[in-house]
Every structure is written in structure tokens, then in C-alpha cells.
Amino acid sequence: MEAMIIRQATIKDAHAVQDVLITSQWFTYESLYSKEYIQELIDKYYNFHRIEDEIQYINTSWHGYYGAEMHGKVVGVIGGRQIGEADGG
């Protein structure tokens, strides 16, 4: 069995990151919210331009996306930042 690789996403991963995030939204929320509402969230937060920006522009407020890769395919994604004492964490 091939090992899973966890790595920071690059611009080349933008479509794969977007696909995983959108698929996850539908899987998680389809039975809880209207299709229109889910699509609004996807259009706002998971549009390709925003994903590209969030991969490229990393700073202390945003640490970018990390992907789980198996067999050369991104199969999982997480994004965010570390919260510290200055953030109330």
C-alpha cells in the first residue's frame, strides 16, 4: 500500500483542492441545507480564483492549504491558521 503524503498545496493543486472542498461541502451539508444555500457558499468560498489566491498568498493570518495525496491524487484538504494567545486562543 502506498503511503499517504501530507504536503502544502501548490498552485498546480488548485483544481484538486477546489474539487475536494466542493465535494466535502455537498457530502456534509446536502441533507441539512437547501441546494441554493450550499451553492451560494461554494460560489463565495470555493471559487477557483479564491482558491488560487489562498494557495499563493500565505501570511500570519492564513497558512494556506495542506493536502493529503495518495497515488498522485489529492484526496483530502485542510486549510487555516494557527491560533495563539494574541488571537484569544
For Asp53, all residues meeting side-chain hydrogen bond (donor to acceptor under 3.5 Å, both in side chains), sequence neighbours excluded: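 Listed in chain order: His49.
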Taking only distance into account, with no hydrogens and no angle test, what donor-acceptor pairs under 3.5 Å do side-chain atoms of residues 15-23 form with protein atoms, sequence neighbours excluded?
| unit_1 | atom_1 | unit_2 | atom_2 | d |
| --- | --- | --- | --- | --- |
| Gln18 | NE2 | Tyr46 | O | 2.9 |
| Thr23 | OG1 | Asp19 | O | 2.8 |

Locate the shortest heavy-atom distance separating [X] from [Y]; write the atom from each residue and the value.
X     : Y     : result
Trp62 : Tyr57 : CD1-O, 3.6 Å
Ile58 : Gln8  : CD1-NE2, 3.0 Å
Ser61 : Arg81 : O-CD, 2.8 Å

Side-chain donor/acceptor pairs under 3.5 Å, residues 64-77, sequence neighbours excluded:
| unit_1 | atom_1 | unit_2 | atom_2 | d |
| --- | --- | --- | --- | --- |
| Tyr65 | OH | Glu54 | OE1 | 2.6 |
| Glu69 | OE1 | Arg7 | NE | 2.8 |
| Glu69 | OE1 | Arg7 | NH2 | 2.6 |
| His71 | ND1 | Glu2 | OE1 | 2.8 |

List the atom pairs, with distances to 0.1 Å, where a side-chain N or O of residues 29-44 and a protein N or O form a donor-acceptor pair under 3.5 Å, not counting sequence neighbours.
| unit_1 | atom_1 | unit_2 | atom_2 | d |
| --- | --- | --- | --- | --- |
| Ser34 | OG | Tyr37 | N | 3.0 |
| Gln39 | NE2 | Asp43 | OD1 | 2.8 |

Within 6.0 Å of CD1 in Ile78, more than 12 heavy atoms from elsewhere: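 Counting other residues, nucleotides and ligands, CD1 of Ile78 stays at 12 neighbours or fewer.
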